[in-house]
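Just the heavy atoms: all of them, side chains too, but no hydrogens, waters or symmetry mates, feed the values below.
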Amino acid sequence: MRLIFEKIEIHNFMSFSDEVFIFDEYDGMIRIKGKNYDIPNQLNGSGKSNLSNALVYGLFGELPFKLKNENVSNRYIQDKSTYVSVYFKNDNIGYKITSGLKGRQAYCELYQLQNEGYENITRSTIAETRKFIENEILHCDMNLFMRTIYLNSDENYNFYKLKQVDRKEFIDKLFDISIFGDIFNLIHKDKLKMDKEIAILQNRLMILNNSSDEYKTKSENFLQEKEKKIETLNTKIVEYKNNYELSKKNITEKNNDLIQKCQEKIKKLEDAISDINTKKQKNNLIISESKLNIKRMDSQINDRQKIIEKHSAIKQKLCDDCKDILSKHYNLDKYQAEIDKMIEKQTEEKEKIEEKNNENINSEKKIDDYKSKLLQLSKKLMEINSKYENEQKTIRNLELSINSLETQLENIKNQENPYLNLFDENMKNIKNESEKLNVLIDDYKYIEFSELIVSQDNLKKFIIKDLIGLLNNKIKYYLHKLGTNCEIIFDEEMKYDFVTPSKSGVEFNNFSKGEQARISIATCFAFRDFLSTRSNISSNIFILDEFFDSNVDPLALENTIGILNDFIKNNKQKIFIVSHRSEICDDIFDNIIMIEKKNNISQIKKCTI
């Protein structure tokens, strides 16, 4: 697998504003120099390292050193959004990774080159996307990248300064055997899962066995309860039937004759009341007529009285003869006779009214008497009918109760024992679960054996033991090329021993700073070769950022440059070097990149040699 880095797009990153760096514009040995115009006569602080830092940030979303997100952006630019996009190919498949910040919020986007352009294949979370990039595309993490493709002088990336566990993790990735750790973890995870499944199945079997006992007990209880219910219902049915027969014997026949007689008497009473009311109506008509006659006669009497009174004053002044003449002339005697006669008739009419009123009073008394008798007869008739209906209702209720009890009895007799089917089904489940458990236990034995095979104490040691000699030889080769008279021997547990002509068991800190620098260079170059040969991961670039500026003597420096030229020749790599060593002249470089910083903004410029 060869990583071909093509281009870096930078926006508002560290000291840069907007830059595009194309790798194909450079070949061979490339020197990165800097000028800081903001500080006169100052070469440092121009942003040389920020170019390679941008590559690391774009790929991994991290920097080789610790820095808060708010300080990643160029503080002299108003725009606070930051991103770095890295374009590269992996075995001729194009990719683009964009890492950036929106405010203080980090993000990561992954694209794959298709026929119609870059297609977004970003995962659902940043963590998932980073993991996919490292495991499936780059096949290396930042620590491996910083010790094989991009080397700097930071002591944090000195292999011999690492803790034992960190060295072991790095070697696993370098040897490409971390996969066995992943396999072990997966197998162990499956084993734990099977442990749970076995425990669950065993628990289910225990529950099923307990359920069988429970169903058996419930089945027996069901049969006992069924017999009790049948016995109880039979007793009730016998009791209700006895009551039914007794009620039929005691029921009174409906007395139609008595009802008919009551109804006939009621009819006679109702007719008598009707006749009396008719007679009363006639009497009331006679009374009304008599009252009208009296009223009419009162009017006539009044008229005649007025005539008589009108002439009575004159009559008193006349003599007897004249009085007779006056009476005859005005018919006064006739009017008086008529008045007397009408008074007599009024008396007769009043007597008639009194007579008819008395008759009506007597009629009311008869009506009250008849109504009282009618009410008594109605009550008697209702009692006869109610008694008969109640007796019939009692019999009907007993019939319904008997039918209901007989239906219940039949249903209970026909009721099947539900626990028999449950017991049978439970026994089938016990058989099935037992078979599953046996299969699972067999599988568990195989996975337990597989876990033992790929455990870190077995297969990985075997593979490391097979490869460790190759690594030792690679380191020995570069130590010799750099003029170092010692060897570094790694064992299968990745513990190392420094062997000098005088003694072994020497520690890293026993060496001088110059010797330590040569040992670190030789080891990193060996790691670089091993990554390419063993893990089949190579790159078109190799970056050294002030990697050999400290404590490397001129001879070792010259030898290092010679090794780098071999890399260019044999591996067709572009070697990017940042160095302040005075011994290194521009003449040895094929290209020079100048990073110029003005007004706090760094710009990339290609220089001619």
Would you say [X] and [Y] make side-chain contact, with heavy atoms under 4.5 Å?
X: F498; Y: I519; value: yes
X: C140; Y: T148; value: no
X: S520; Y: F159; value: no
X: N390; Y: S386; value: yes
X: L422; Y: K218; value: no
X: K193; Y: I447; value: no

Cation-pi, F527 ring and R147 (6.0 angstrom, 45 degrees) |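 Cation-pi check for R147 and F527: fails.
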With no hydrogens and no angle check, is any side-chain donor or acceptor of [X] less than 3.5 Å from a backbone partner on [Y]?
X: S85; Y: T98; value: no
X: N426; Y: Y215; value: no
X: N473; Y: G469; value: yes

Nearest heavy atoms of [X] and [Y], plus distance in Å:
X: S539; Y: Q573; result: O-NE2, 3.0 Å
X: F132; Y: I121; result: CE2-CD1, 4.4 Å
X: L223; Y: N417; result: CG-ND2, 4.0 Å

For [X], I'd like to know if atom [atom1] has over 12 heavy atoms of other residues, nucleotides or ligands within 6.0 Å.
X: N120; atom1: CG; answer: yes
X: K495; atom1: NZ; answer: no
X: K229; atom1: NZ; answer: no
X: E507; atom1: CD; answer: no

With distance as the sole criterion, is a donor-acceptor pair present between the side chains of [X] and [Y] under 3.5 Å?
X: Y444; Y: D195; value: yes
X: H139; Y: N90; value: no
X: Y150; Y: S52; value: yes
X: T523; Y: Y160; value: yes
X: Y107; Y: E109; value: no
X: Y477; Y: D529; value: no

If you measure from the Lys or Arg side-chain nitrogens to the Asp or Glu carboxylate oxygens, is any gap between K436 and E433 under 4.0 Å?
-> yes
N-O pairing of K428 and D424 below 4.0 Å |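 A salt bridge is absent here (no side-chain N lies under 4.0 Å from a carboxylate O).
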Worked verdict on Q202 versus M206 for side-chain contact (heavy atoms from CB on, under 4.5 Å) | CA-CA 6 Å; Q202 289 174 337; M206 182 181 69; over 6 Å; no
Go through the steps to decide whether K161 and N509 satisfy the test side-chain contact (heavy atoms from CB on, under 4.5 Å), and finish with yes or no.
-> CA-CA 10 Å; K161 300 289 186 178; N509 289 329; 3.5 Å; yes
List the steps and the verdict of ring-ring contact (aromatic ring centres under 6.0 Å, His included) for Y87 and Y118.
-> CA-CA 11 Å; Y87 295 78; Y118 283 97; 5.7 Å; yes
Run the ring-centre check on F21 versus F16 and record whether the distance is less than 6.0 Å.
-> no
Any chance you could measure N53, atom CG, to L63, atom CG, to the nearest 0.5 Å?
->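 One finds 6.0 Å between CG of N53 and CG of L63.
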Step by step, would you call L55 with I541 a side-chain contact (heavy atoms from CB on, under 4.5 Å)?
-> CA-CA 11 Å; L55 175 63; I541 65 171; 3.6 Å; yes
Any chance you could lay out the salt bridge (charged side-chain N to carboxylate O under 4.0 Å, His left out) test for K373 and D369, step after step, and finish with the verdict?
-> CA-CA 6 Å; K373 291 179 179 179; D369 183 50; 3.6 Å; yes
